[in-house]
*Asks:* 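Got a structure here, written out as structure tokens. Questions coming.
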Amino acid sequence: MERPRRRNTALLAIVAALVVAGGCARLRLARRLGSAKSTAPPPRVDDARGSRLIVPHLTGAIVLDGDTDDPGWTSSGGPARTGPFALPTGAPGRPYSDARIVWGDGHLYVALYAADEDIRSAVEPHDGPLWLGDSFRLVFARDACERTIDVSPTGTVTDAVRRAGGSFDYSWESGAHVSTEVDGTVNVSSDADEEWAVEMAIPLDSLEMRGEPGEVTGFSVRRCDTAKDGSRTCAGWGTGELEFAR
Ligand SMILES: [Ca+2]
Ligand SMILES: [Ca+2]
Ligand SMILES: [Ca+2]
């Protein structure tokens, strides 16, 4: 019997980026002027420089439909690849996950893949605690600002920013366009699922990036999974850096 296949496309409005970008910019300006509080904790930025992914520029079109058969993903010189996500011990994560990344047209394009025999998605609204279910988390760290984007199998996004190690501000909006494809039945554990995937485009403006060759951002990506027996595993790539190919 053919497995049910479901696609969910959630296009999120590109809003409010300038408000938050201004916040980080203000912090940098304050530091230049010597008025930033010296008691602020050090930022969690680029604390491990051992791994750097060189991210190629887009070489073809990408349509956000959950499938990664677009020229932008498949053409020669194709995307940067994290390879299989690993556990904190360095051992390969199970179930398998990986990420592919390219940049261009003012966006960072990310394809996320998750093998999963029991897909569980937190039934939460935008900016809710998606990490209670299966989910990916992308973290971008630049200029004392850490931006996190969580995405669920059903394409819901929770995004937040924190400055200089402070608390997360969920009013920040990444403006990420997200499409997912699910091969299985979400939140039905009585059958065997296969996988889910995310295709997303993150406006570089919202990451305070200009979209120029040689630009670098701190980056990590993690996927947490709840298995059929209820056990929980998180595996990922980074903390490392992304560098836009020159
Ligand atoms: Ca596609
Ligand atoms: Ca799962
Ligand atoms: Ca948000």
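Counting convention: from 1, in listed order, for ligands and their atoms alike.
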*Asks:* Relative to the Ca ion (ligand 2), which of the N, O or S atoms in Asp134 is the closest?
*Replies:*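 Going through the N, O and S atoms of Asp134 one by one, OD2 ends up nearest to the Ca ion (ligand 2).
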
*Asks:* Which ILVMFWY residues can you reach from Tyr113 by hopping between side chains whose heavy atoms are under 4.5 Å apart?
*Replies:*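 Members besides Tyr113, by chain and number: Tyr96.
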
*Asks:* Please determine whether a side-chain nitrogen of the Lys or Arg among Asp134 and Arg120 lies less than 4.0 Å from a carboxylate oxygen of the Asp or Glu.
*Replies:*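 Salt bridge flag = no for Arg120 with Asp134.
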
*Asks:* Do you know which two heavy atoms are closest between Thr68 and Thr74, and how far apart they sit?
*Replies:*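 Looking at all heavy atoms of both residues, the closest pair is O-CG2, 3.8 Å.
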
*Asks:* In Å, rounded to the nearest 0.5 Å, how long is the span from CG of Leu108 to CG of Leu204?
*Replies:*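 If I round to the nearest 0.5 Å, the distance is 6.0 Å.
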
*Asks:* Calculate the angle formed at the Ca ion (ligand 1) by OD1 in Asp70 and O in Val63; 10° precision is enough.
*Replies:*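 With the Ca ion (ligand 1) as the vertex, the angle is close to 90°.
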
*Asks:* Using 3.0 Å as a strict upper limit, say whether an N, O or S atom of Trp73 approaches the Ca ion (ligand 1) that closely.
*Replies:*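 Within the cut-off used here (under 3.0 Å), Trp73 places no N, O or S atom near the Ca ion (ligand 1).
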
*Asks:* Carefully, step by step, assess Glu117 and Lys228 under the rule salt bridge (charged side-chain N to carboxylate O under 4.0 Å, His left out).
*Replies:* CA-CA 7 Å; Glu117 293 182 348; Lys228 216 161 218 175; over 6 Å; no

*Asks:* With Glu208 as reference, evaluate Arg147, Arg142, Arg163 under the salt bridge (Lys or Arg N to Asp or Glu O under 4.0 Å) test and give the passing residue.
*Replies:*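 Per the salt bridge (Lys or Arg N to Asp or Glu O under 4.0 Å) rule, the option paired with Glu208 is Arg147, out of Arg147, Arg142, Arg163.
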
*Asks:* May I ask you to check if any N/O/S atom from Asp65 comes under 3.0 Å of the Ca ion (ligand 1)?
*Replies:*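 Yes, within the cut-off.
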
*Asks:* I want to verify a count. Protein N, O or S atoms less than 3.0 Å away from the Ca ion (ligand 3), how many are there?
*Replies:*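 Protein N, O or S neighbours of the Ca ion (ligand 3) under 3.0 Å, waters not counted, come to 7.
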
*Asks:* So, of the N/O/S atoms that Asp118 has, which is the nearest one to the Ca ion (ligand 2)?
*Replies:*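 The atom in question is O.
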
*Asks:* For a quick check under 3.5 Å, do Asp65 and Ser179 share a side-chain donor-acceptor pair by atom type?
*Replies:*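 No, because no side-chain N or O of Asp65 sits under 3.5 Å from a partner of the opposite role on Ser179.
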
*Asks:* Is a side-chain donor or acceptor of Asp150 paired with a backbone partner of Leu130 at a separation under 3.5 angstrom?
*Replies:*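 Judged by distance alone, no pair lies under 3.5 Å.
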
*Asks:* How large, to 10°, is the angle at the Ca ion (ligand 2) when you draw lines to OD1 on Asp225 and to OD1 on Asp116?
*Replies:*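 Vertex the Ca ion (ligand 2), arms to OD1 of Asp225 and OD1 of Asp116: 90°.
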
*Asks:* Cut-off 3.5 Å, side chains only: do Trp103 and Glu215 have a donor facing an acceptor?
*Replies:*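 Side chains of Trp103 and Glu215: no pair found under 3.5 Å.
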
*Asks:* Output the atom name for the N/O/S atom of Asp67 with the smallest distance to the Ca ion (ligand 1).
*Replies:*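 It is O of Asp67.
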
